[in-house]
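For ligands, and for the atoms within them, numbers begin at 1 and follow the listed sequence. Reckoned from all heavy atoms, side chains included, excluding hydrogens, waters and symmetry mates. Residues: numbered from 1 along the sequence shown.
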Amino acid sequence: MIPTLREAPADAEIISHKLLLRAGLIRKLAGGVYTFLPLGLRALRKVEQIIREEMNRAGAIEVLMPALQPPEIWQQSGRYETASNVLFKLKDSGSREWVLSPTAEEVITTLAANEINSYRQLPKNFYQVSVKFRDEIRPRFGLMRAREFIMKDAYSFDATDEAAQMSYQKMYDVYGKIFTRCGLKAFAVEADTGIMGGKFSCEFMIPAESGEDEIVFCEACGYAANIEKAMSGIPKTAAREIGGAIEKFATPGVVTIEALSKAPYSAPANRQIKTLVYMADSKLVIVLIRGDDQLNEKKFAGKIGTTVFRAATAEEIFQALGAHPGSLGAVTSTRKKTDISVFADERLRGANDMRTGANEDGFHLRNVSVERDIQVSQWADLRTVTVGEPCVKCGKSLKLRRGIEVGHVYKLGTKFSDALGANYLDEAGARKPAIMGCYGIGVTRTLQAVIEQGNDKDGIIWPLSVAPYTVCITPLGVAPESEVMKLAEKIYAELTARGVDVILDDRDERPGVKFKDSELVGFPIRIGVGEKSLAKGEVEIKPRNGVLQSIKIESAVETVMKFF
Ligand code: ATP
Ligand code: MG
């Protein structure tokens, strides 16, 4: 059951997705939902095994939690709301609601609440390798962003901040080992904490053009952060001498930053305020960004504490501010409603001589001094960093590259232990919440990342550690009892006895077809056995990524063993 394909289905966009399908590793059942075929499953099991070995070695304890979970614990943690955009919900025949696990903080913390009572039981780190479900808006790229996927998730519980830091560091180090063993070049970047909330997190990235993440990095000092979180040392808006009173001026038909920057208005974008209006928790929120900057929605989500928000409709905006998009502003005296929260980007702090909408269609204001004229509820870093800006740490020029997020380590603090009562008694008998960390690896995504990083025009190039089989024996004739088949079977038995994963291609196919398939699937070593070479007392050994060598039959097994 290795159904290789000449062409990938049209909906496969990136190379690793195409190769997963073409090499017969997976098949799609529905968008973001896949079946693993035997070879795909073998490679997946190898990734899982590497993860288990390293997690066990680090002292983590394997458990298995249910994917089907009661919504109550999600309500208790608050994530029933804040993570509702990824949470799959279903009803049983008695109309009782359930959720399908996108991660398992709620379950493990409930377990810890019941099982851990004393500081003597700490530290603990529990992990599982299990199926997760996420209602992704855009499942795509095969296993990279699926609705159902396999994740390794681990959760640490500690008594003190120092101990929690050690647990975190241990996982950080283990992740490096895991990805290296999978043959991947991973690097860590500072990241947004997303639906976990929590205090601090790092993502492990595999550099790839097809990656969905953008990483801001500095070659000079090593600073690296996901663009969702990255900051730069870009200066605030320069204060100007002129600080006269606000003036309203007519701007018929002008509804963009660009239009206002042109004659006759000639207001450069960096002297304009962009006013955005969102609806979060059925409340309007105004967000202010400098005209030449872009709002970073992840940073904004972090500030309002939920990922569930949307752009307000023109009608909602009109009712609250009295104007339509293009003429909006936050200047307090021009707003119909003044009880709307205003989030402003740090870059606008102290800015004066600014232009913004007058909350009257066809009019703008000039001479706006942000701190004088706008009641800001919260200042925050809300803008997206762009390439070439000075590094926040050392001032050198920042660069941008794309990557695939394969793992994520978080310092959670006591958010979940407080919400779900995971307390322990300390040495003095005082009740305290356990300090938590959580650590995820996208197992199926990691498998695909291995393929994304290792391939050529002929197919997959597996590292030995993850290849579904490391050796493929290709007899050119398959007649039972023929000399060729006998030799192939003998080598198969000898290598198997030495613990090598060998597959014997005994299909009655033309040699060309067999060789092509073996390159496509990417077995690291191929051993060709044919009548011609047999007559010379030789077999052919072809490393997937190297040159073909003719080797005496007697030394064939030894030669192969040297590759490990
Ligand atoms: P992303 O930003 O890619 O959506 P995330 O931050 O939501 O990821 P986590 O909640 O930290 O991801 O999950 C831990 C790991 O699970 C991720 O590092 C990633 O490798 C994997 N993962 C997350 N979502 C998916 C998905 N939809 N399909 C496959 N793997 C996923
Ligand atoms: Mg996600």
Side-chain angles (χ1 to χ4, degrees), residues 14 16-17 20 26 28 30-34 36 44 47-48 51 67 77 79 82-88 100-106 108 127-155 168 171-172 175 178-179 182 184 186-198 200-206 208 210-215 225-230 296-299 301-302 307-308 402-412 416 437-452:
I14 63 173
S16 53
H17 185 194
L20 277 167
I26 62 166
K28 174 173 153 181
V33 182
Y34 293 88
F36 276 83
L44 177 64
V47 176
E48 290 177 355
I51 293 173
S77 72
R79 292 208 299 176
T82 58
S84 68
N85 53 350
V86 294
L87 212 51
F88 268 112
L100 293 177
S101 177
T103 59
E105 282 76 8
E106 283 75 4
I108 200 72
Y127 80 97
Q128 66 173 346
V129 178
S130 70
V131 173
K132 301 292 185 297
F133 298 87
R134 290 191 186 185
D135 193 358
E136 299 283 357
I137 329 166
R138 257 190 95 195
R140 57 179 186 157
F141 300 157
L143 306 175
M144 290 287 186
R145 184 165 301 284
R147 290 192 161 96
E148 178 181 325
F149 59 97
I150 296 175
M151 192 200 289
K152 185 285 301 178
D153 42 327
Y155 308 88
Y168 175 87
M171 285 297 107
Y172 185 102
Y175 274 34
I178 289 172
F179 296 122
C182 291
L184 289 167
F187 62 99
V189 310
E190 286 178 27
D192 170 54
T193 49
I195 60 165
M196 299 302 163
F200 181 80
S201 82
C202 258
E203 289 166 342
F204 285 78
M205 293 283 180
I206 308 301
S210 66
E212 289 187 277
D213 285 279
E214 278 188 291
I215 301 140
N226 193 308
I227 198 152
E228 296 171 350
K229 159 92 194 267
N296 187 318
E297 289 204 348
K298 287 282 165 118
K299 289 184 179 176
T307 52
V308 188
R402 301 193 75 86
I404 300 165
E405 178 200 326
V406 283
H408 204 163
V409 291
Y410 298 79
K411 289 182 191 172
L412 286 174
F416 290 94
C438 74
Y439 317 95
I441 292 182
V443 183
T444 39
R445 186 185 283 183
T446 298
L447 174 66
Q448 186 168 340
V450 169
I451 301 175
E452 188 68 25

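- When E405, E203, E214 are each tested for a side-chain hydrogen bond (donor to acceptor under 3.5 Å, both in side chains) with N226, only one passes: E203.
- For ligand 1 and R145, the ligand atoms under 4.0 Å from any heavy atom of the residue are 1 (P), 3 (O), 4 (O), 26 (C), 27 (N), 28 (N).
- For the 3.5 Å distance criterion, the side chains of S77 and E105 fail to qualify, holding no donor opposite an acceptor.
- Considering only heavy atoms from C-beta on, D153 comes within 4.5 Å of S130 through its side chain.
- Counting heavy atoms under 4.0 Å from ligand 1, residue E136 touches it through the side chain alone.
- The V406 neighbourhood of ligand 1 comprises atoms 18 (O), 20 (O), with distances under 4.0 Å to a heavy atom of that residue.
- Residue contacts with ligand 1 include L143, since one or more of its heavy atoms lies under 4.0 Å from the ligand.
- For ligand 1, one of its N or O atoms has an N or O atom of A146 under 3.5 Å away.
- The option from Y439, F204, F149 that lies nearest to atom 30 (N) of ligand 1, judged by heavy atoms, is F149.
- By the criterion of a heavy-atom distance under 4.0 Å, the side chain of Y410, and not its backbone, is placed next to ligand 1.
- With a 4.0 Å heavy-atom cut-off, ligand 1 is reached by no atom of T446.
- Residues that satisfy the side-chain hydrogen bond (donor to acceptor under 3.5 Å, both in side chains) test with E190, not counting sequence neighbours, are absent from this structure.
- The structure places CD of E228 at 10.5 Å from NZ of K299, a figure rounded to the nearest 0.5 Å.
- For R145, the side-chain hydrogen bond (donor to acceptor under 3.5 Å, both in side chains) criterion is met by E136, E212, not counting sequence neighbours.
- The ligand atoms of ligand 1 that sit less than 4.0 angstrom from a heavy atom of M144 are 26 (C), 28 (N), 29 (C), 30 (N).
- Around atom 18 (O) of ligand 1, the closest heavy atom drawn from E405, H408, M151 belongs to E405.
- Contacts with ligand 1 closer than 4.0 Å are made by no heavy atom of E203, backbone or side chain.
- Considering backbone and side-chain atoms together, R134 places an N or O closer than 3.5 Å to an N or O of ligand 1.
- Side-chain contact check for T103 versus Y155: some heavy-atom pair is nearer than 4.5 Å.
- Note: F133 and F88 have perpendicular aromatic rings, judged against thresholds of 30 and 60 degrees for the angle between ring planes.
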